[in-house]
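Handing you this structure, nothing more for now.
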Amino acid sequence: MLDLKVIRQNPEEIKTKLAKRNNTFAASIYEIVEIDKQKREIQQKADELKSRRNTLSKSVKSQEEAETIKLEVKAINEEINSLDALSTSLDQKLEDITLYIPNIPLDDIPVGKDETENKVIKHYPLTPLKVGAGKITAKSHWEIGEALGIIDFENSSRLSGTRFSTFIGQGAKLQRALIQFMLDEASANGYTEIAPPAIINGEILRGTGQLPKFAEDLYHLENTDQYLIPTAEVPLTGFYAAKPLNHDELPKRLCAYTPCFRSEAGAAGRDTRGLIRQHQFDKIELVHLCKPEESEAEHERLVSQAESILEKLELPYRRVLLCTGDMGFSAAKCYDLEVWFPSQGAYREISSCSNCTDFQARRLGLKFKRDAKSKPELLHTLNGSSLAVGRTWAAVVENYQFADKLGFRIPEALKKYLSFDEVV
RNA sequence: GGAGAGAUGGCUGAGUGGUCGAAAGCGGCACCCUGCUAAGGUGUUAUAUCCUUUAUGGGUAUCGAGGGUUCGAAUCCCUCUCUCUCCGCCA
C-alpha cells in the first residue's frame, strides 16, 4: 500500500510513476485525493465536536449540572455519530481504492509493457550447455522421470487432479537433497532458518499484497479467513510485525522451506506437462527486513544468494531485470532468475527476487527503531526464491541427462546428500 | 469439543463510572554526583491521526477487536478473537 500522505502531497508525481506500469491509475489517484480531502474536513469537524463534548462532560460536578448539559451533549452526539459514520465510509472507500494500487517502480527500472521488454543482466555461463551439440535432442524432465519411474503424473491426477505430481524413490530423494542443500547454503550465509505455518490469515495476505486483488490465485479454506500459503514470503514477511525491531537486529535475513499452493487460475493450457506449473510445489524462500537505505544493497545480496545455488549446481541461467509492466504488484524492483531447459531450448523462471520497499511494511506495520530515542520507522521488505524446488529438480534432470542413454548424473554439489551419483 | 480464568504502556503490574494516556516497580534515555567501577540523585520515557507551525504548540482517537449503555467508559452490558488451566479426543 502506498503512503496516503505522499499521494496527497505529490499526486502528479505518483500518477506519472505509476503510469509506467501497464495500467494507468490516474483516476484512482484523483479519486483518492478528493476523498481524502473530504474525509479530513469531516474528521476535523467531528474532532472539534468531540472536543466540545469532552469539555462539557468534564465540567460536570454534580447531578444537577449534568441535567443542564444533557440536551446539548445529546445533540452534539447525534452530529458526531453521523460525521463518524460518514468518515468511516470514506475511509473504507479510500482503502478499497488504495489496496488495488501497486507499488511504485524505482527510478532505474526499464519502462516496458510486458516480459519482452525485460532486460537481461547477465548469462551464466555465457552459452548454455546444449545437450546433443546444440540441437534440441534433449528429452524433457517428465519423459526422463517417468521412464525412470522417479516421478508420476498420472496417478497423481487421479489422487488430486491436474497439476499435481508425486516423486518416487530416487526422485523423492533428489527433491529432499535439493531442499537440504538450499537450506544449508542459506544457513551458511547467515540466514535464520524458519519453519512457518502453511495456513495463513487473510489479514497477512492483505499485508503482503496477495489480497484483495489476487484472491482467485489462492486456496481459501472454507468458512474461515484462512488460506494456504502461495509462498513462504507471506508468513516470513508478516512474522515480525508485532513490535518494532531494534536497529541492531537489522538486517534480518530469513530462509524457509515450505510447500506452496496456487490455484493457477487463468493459466489454463499453459505448461500443462511436467513440473513447471503445479498447484503444490516446494520452495526455499529468502526474506530480508532492512533499513530503507540498505534495501538496494540487500536486494543485490539476495539475488546473489539465489544465483549461488544455480552456480553450485552448475545450471545455466540468466538474470533478468523486469520492466515496469512485468513486475509483481508489491515490487518496486524485481530480478528474475531463469534457468535453462534444454528440452524447451528456453530459459524459464526459477526465482523471482523483489524489493518491495515499504509497500508491505506499511500495511503490516513492520517497523524498526534507529536508536533508543527515535520513533519507529517503516522498514523495507525483500523476498526471493532460492529456489523453486520442483523447477530445480526438472532443470537438474534435463541439464544432466546422458546424451547416449536414459538417465542423468547427480550434480557435484548434491552428492554428499545422496547415496547414488547417477539415476539410470 | 466441554468447563473456568484472563487480555492494561518496552516488561511486571495497580486501577470497577469523571481529577486516567493511565499508579508503582523494572528497563531505556538525559543530566548530576563520583579518581575509576559499583552504588546513588533528579528528570524524562506510547502510538496513530489532523490542525497550526514545521523548533514548539493544540485537538482527536487508542487500556485485545467490534458494537451498546451514559452528560461522561480501562472500569458497566453484548458479540468476537486470542492466551492460560482442567477435562475429553488426537498425530
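Residue numbering restarts at 1 for every chain, and letters A, B, ... go by the order of the sequence lines. Small disclaimer: the values here were computed from a predicted structure and weren't measured.
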Checklist entry - For atom P, what is the distance between B:A74 and B:U8, given to the nearest Å? => result 16 Å
Distances for protein N or O near nucleotides 60-66 of chain B N or O, under 3.5 Å:
residue: B:U60; atom: OP1; partner: A:Asn54; partner atom: ND2; Å: 3.3
residue: B:U60; atom: O2'; partner: A:Asp47; partner atom: OD1; Å: 3.0
residue: B:A61; atom: OP2; partner: A:Asn54; partner atom: ND2; Å: 3.4

Checklist entry - Can A:Asp271 and A:Arg163 be counted as an ion pair, charged N to O under 4.0 angstrom? => result no
Checklist outcome for this item: Paired to B:G1 by Watson-Crick or G-U wobble criteria (both distances under 3.5 Å) is B:C87
Checklist entry - What is the nucleic acid contact for A:Asn77, judged by heavy atoms within less than 4.0 Å: base, sugar-phosphate only, or nothing? => result sugar-phosphate
Item to check | Euclidean distance, atom CD1 of residue A:Ile80 to atom P of B:G68 [Å, nearest integer] | outcome: 13 Å
Next on the checklist: Testing the 3.5 Å rule here: is there a donor-acceptor pair between the side chains of A:Thr166 and A:Asn155?
Outcome noted: no
Checklist outcome for this item: Answer for the Watson-Crick or wobble partner of B:C36, both distances under 3.5 Å, is none
Which donor-acceptor pairs under 3.5 Å do side chains of residues 187-195 of chain A form with protein atoms, sequence neighbours excluded?
residue: A:Ser187; atom: OG; partner: A:Leu183; partner atom: O; Å: 3.2
residue: A:Asn189; atom: ND2; partner: A:Glu185; partner atom: O; Å: 2.9
residue: A:Asn189; atom: ND2; partner: A:Gln305; partner atom: OE1; Å: 3.1
residue: A:Tyr191; atom: OH; partner: A:His288; partner atom: NE2; Å: 2.5

Checklist entry - Which value, in whole Å, describes the distance between the P atoms of nucleotides B:C63 and B:A7? => result 14 Å
Checklist entry - Can you tell which of B:A48, B:C50, B:C11 lies closest to the side chain of A:Gln44? => result B:C50
Checklist entry - Heavy atoms under 4.0 Å, any strand shown: does A:Pro376 hit a base, just sugar-phosphate, or nothing? => result sugar-phosphate
Checklist entry - How long is the line joining CD of A:Glu203 and C1' of B:C82, in whole Å? => result 13 Å
Checklist entry - Between B:U47, B:G10, B:G18, which nucleotide gets closest to the side-chain atoms of A:Ser57? => result B:G18
Item to check | Nucleic acid contacts - residues 2-9 of chain A versus RNA chain B, non-hydrogen atoms under 4.0 Å | outcome: A:Lys5, A:Arg8
Item to check | Separation between the P atoms of B:G18 and B:C76, rounded to whole Å | outcome: 12 Å
Item to check | Output field: ring centroids A:Phe408/A:His141 closer than 6.0 Å | outcome: no
Checklist outcome for this item: From the candidates B:C71, B:C50, B:U47, the one with an atom nearest any side-chain atom of A:Lys375 is B:U47
Checklist entry - P atom, B:G9 versus B:U52: distance in rounded Å? => result 33 Å
Checklist outcome for this item: Using Watson-Crick geometry (N1-N3 plus N6-O4 or O6-N4) or G-U wobble (N1-O2, O6-N3), each under 3.5 Å, B:U60 is paired with B:A48
